[in-house]
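Written out below as structure tokens is the structure these notes cover.
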Amino acid sequence: QARVGELAFTSEMDILDKVLAWVLPATGLSPHENLVEPSKKCVLAYMGDLNKKLTARTYLAGERVTLADIAVATALLPAYQYVLTADLKKDFVNLNRWFDTIVNQKEFVEVAGKIQYCAAVKKLNAADAKKAQAKKAEPKKVEAKPAAAPAAPAEQLDDNGLPIVKEKDPWAKFPKG
């Protein structure tokens with residue numbers, strides 16, 4: 001159990017900030033382009049370590065998906081989506097296998113959706129990012145359903161607005177004592 005928490009803490013505190021320090025300037029969403037190379041080296045070194053650890057393992061800790069797997073995959077997700085091109089990923093066979101396993105779990109897909117991997121690093125601007133975010137947040141159109149038939153006479157409601165249900169006496173069927 002301590003190992004799982006340790007890996008989750010490492011990803012959130014040490015890796016996510018390095019991944020974002022690489023991704024945001026590389027895509028043009030941050031003006032700090034001087035952070036790209038040092039952050040990139042740090043993330044690639046960490047990925048190399050993970051690749052070695054995953055040589056004989058399917059998951060980071062244990063025999064099934066744990067919080068460590070989810071935390072590390074979530075921390076690496078922006079890199080896989082925006083800056084890790086095929087030529088950068090080719091040296092991380094074990095890590096790529098593990099990442100694919102985690103991000104294709106049913107529960108992960110339900111929350112994050114299907115992951116689109118980076119084909120080439122492209123420059124974005126804040127307006128494009130807002131448009132993409134707005135498009136994702138756009139509610140889906142729902143067809144209008146015909147109005148329901150009028151309800152039966154109004155029921156009595158309790159203080160919470162719920163209908164009052166008159167309970168039957170469970171002993172009514174039995175003879176009086």
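- Counting only distance, with no hydrogens or angles, the side chain of N96 and the backbone of K90 share no donor-acceptor pair below 3.5 Å.
- With sequence neighbours excluded, the residues that form a side chain to side chain donor-acceptor pair (under 3.5 Å) with T85 are D87.
- Using a 4.5 Å heavy-atom threshold, the side chains of L54 and Y59 count as separate.
- In this view, Y80 and F99 satisfy the ring-ring contact (aromatic ring centres under 6.0 Å, His included) rule, not counting sequence neighbours.
- Contact of the L50 side chain with the L60 side chain is registered, since non-hydrogen atoms from C-beta on lie closer than 4.5 Å.
- In this structure, F92 and L44 have side chains that are in contact, with non-hydrogen atoms separated by less than 4.5 Å.
- Between T27 atom OG1 and L20 atom CG the span is 9.5 Å, to the nearest 0.5 Å.
- Taking every heavy atom of both residues into account, F108 and I102 meet most closely at CB-O, 3.5 Å.
- Evaluation of the side-chain contact (heavy atoms from CB on, under 4.5 Å) rule for N34 yields H32 as partners, not counting sequence neighbours.
- Sequence neighbours left out, the pairs with a member in residues 97-108 that pass side chain to side chain donor-acceptor pair (under 3.5 Å) are D69-W98, D100-Y117, N104-K114.
- The nearest pair of heavy atoms linking V36 to P25 is CG2-CB, 3.4 Å.
- Side-chain atoms of K40 and L88, non-hydrogen and from C-beta on, do get closer than 4.5 Å to each other.
- Two residues are said to be in side-chain contact when any heavy atoms from C-beta on lie closer than 4.5 Å; I15 and L76 meet this criterion.
- In this structure N94 satisfies the side chain to side chain donor-acceptor pair (under 3.5 Å) test together with T55, sequence neighbours excluded.
- Distance NZ/K173 to NZ/K168: 8.0 Å, rounded to 0.5 Å.
- Residues C118 and Q81 fail the side-chain proximity criterion, which asks for heavy atoms closer than 4.5 Å.
- Within the 4.5 Å cutoff, the side chain of W22 has no heavy atoms near those of the L35 side chain.
- Heavy-atom neighbours of E110 CD from other residues, nucleotides or ligands within 6.0 Å: above the threshold of 12.
- The two residues P78 and V19 have their closest heavy-atom pair at CB-CG1, 4.0 Å.
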Assess the residue pair N51 and D91 against the criterion (side chain to side chain contact (heavy atoms under 4.5 Å, CB included)); give the C-alpha distance rounded to whole Å, side-chain angles, the decisive distance to 0.1 Å, and a yes or no. CA-CA 9 Å; N51 191 58; D91 295 331; over 6 Å; no
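- Remark: E37 pairs with no residue by the salt bridge (Lys or Arg N to Asp or Glu O under 4.0 Å) rule, at least two apart or across chains.
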